[in-house]
Amino acid sequence: MSNATSVAPARVVLDWRKGQVSSQPAPCVLCGRPALCRSPGKDVPCHKGCAEAWITCRARNRADLARLIAAHTPGTSQGAAS
Ligand SMILES: [Zn+2]
């Protein structure tokens with residue numbers, strides 16, 4: 001049940017239901033287009049889809065992926081070191 005496909009990156013889906021939404025659009029830190037969403041982790045303007053794509057590209061392995069997802073999801077404070 002584990003040898004599915006080669007090394008296709010896991011699809012990242014962030015839960016930003018607890019994230020902030022501003023009434024003022026500001027340039028997304030990733031794509032530069034106006035965004036109302038604020039990254040829950042850093043409180044910067046950022047599209048959820050952009051953050052998901054960024055994490056997908058950034059993660060070097062599954063542990064890294066899990067760490068990045070946790071770091072950018074509000075309410076998940078597991079292993080909050082450094
Ligand atoms: Zn964006």
Side-chain angles (χ1 to χ4, degrees):
M1 282 274 189
S2 57
N3 289 340
T5 41
S6 54
V7 277
R11 172 146 167 68
V12 173
V13 179
L14 295 173
D15 180 358
W16 276 14
R17 282 174 295 182
K18 291 181 186 163
Q20 299 285 320
V21 176
S22 172
S23 56
Q24 292 283 332
C28 170
V29 293
L30 294 176
C31 75
R33 289 182 301 191
L36 291 176
C37 276
R38 297 292 180 266
S39 168
K42 309 201 170 183
D43 196 31
V44 294
C46 181
H47 296 113
K48 181 169 172 286
C50 287
E52 288 165 349
W54 181 87
I55 287 174
T56 303
C57 293
R58 269 298 175 91
R60 285 163 298 179
N61 52 50
R62 300 185 103 188
D64 206 28
L65 186 72
R67 184 183 61 78
L68 285 169
I69 289 173
H72 293 275
T73 304
T76 55
S77 53
Q78 42 178 297
S82 85

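Counting starts at 1 for both ligands and their atoms, in listed order.
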Closest heavy-atom pair, Val29 versus Cys46, reported as atoms and distance to 0.1 Å, is CG2-CB, 4.1 Å
Within the 2.8 Å cut-off the protein N, O or S neighbours of the Zn ion (ligand 1) are Cys28 SG, Cys31 SG, His47 ND1, Cys50 SG
Report the distance from atom NE2 of His72 to atom CG of Leu14, rounding to the nearest 0.5 Å.
-> 8.0 Å
Pairwise distance OG(Ser39) to CH2(Trp54) - rounded to 0.5 angstrom | 9.0 Å
Set of side chain to side chain donor-acceptor pair (under 3.5 Å) partners for Arg58, sequence neighbours left out | none
side-chain hydrogen bond (donor to acceptor under 3.5 Å, both in side chains): pairs with one or both residues in residues 41-52, sequence neighbours excluded = Lys48-Glu52
Side chain to side chain donor-acceptor pair (under 3.5 Å) with Asp64: which residues, sequence neighbours excluded?
-> Arg60, Arg67
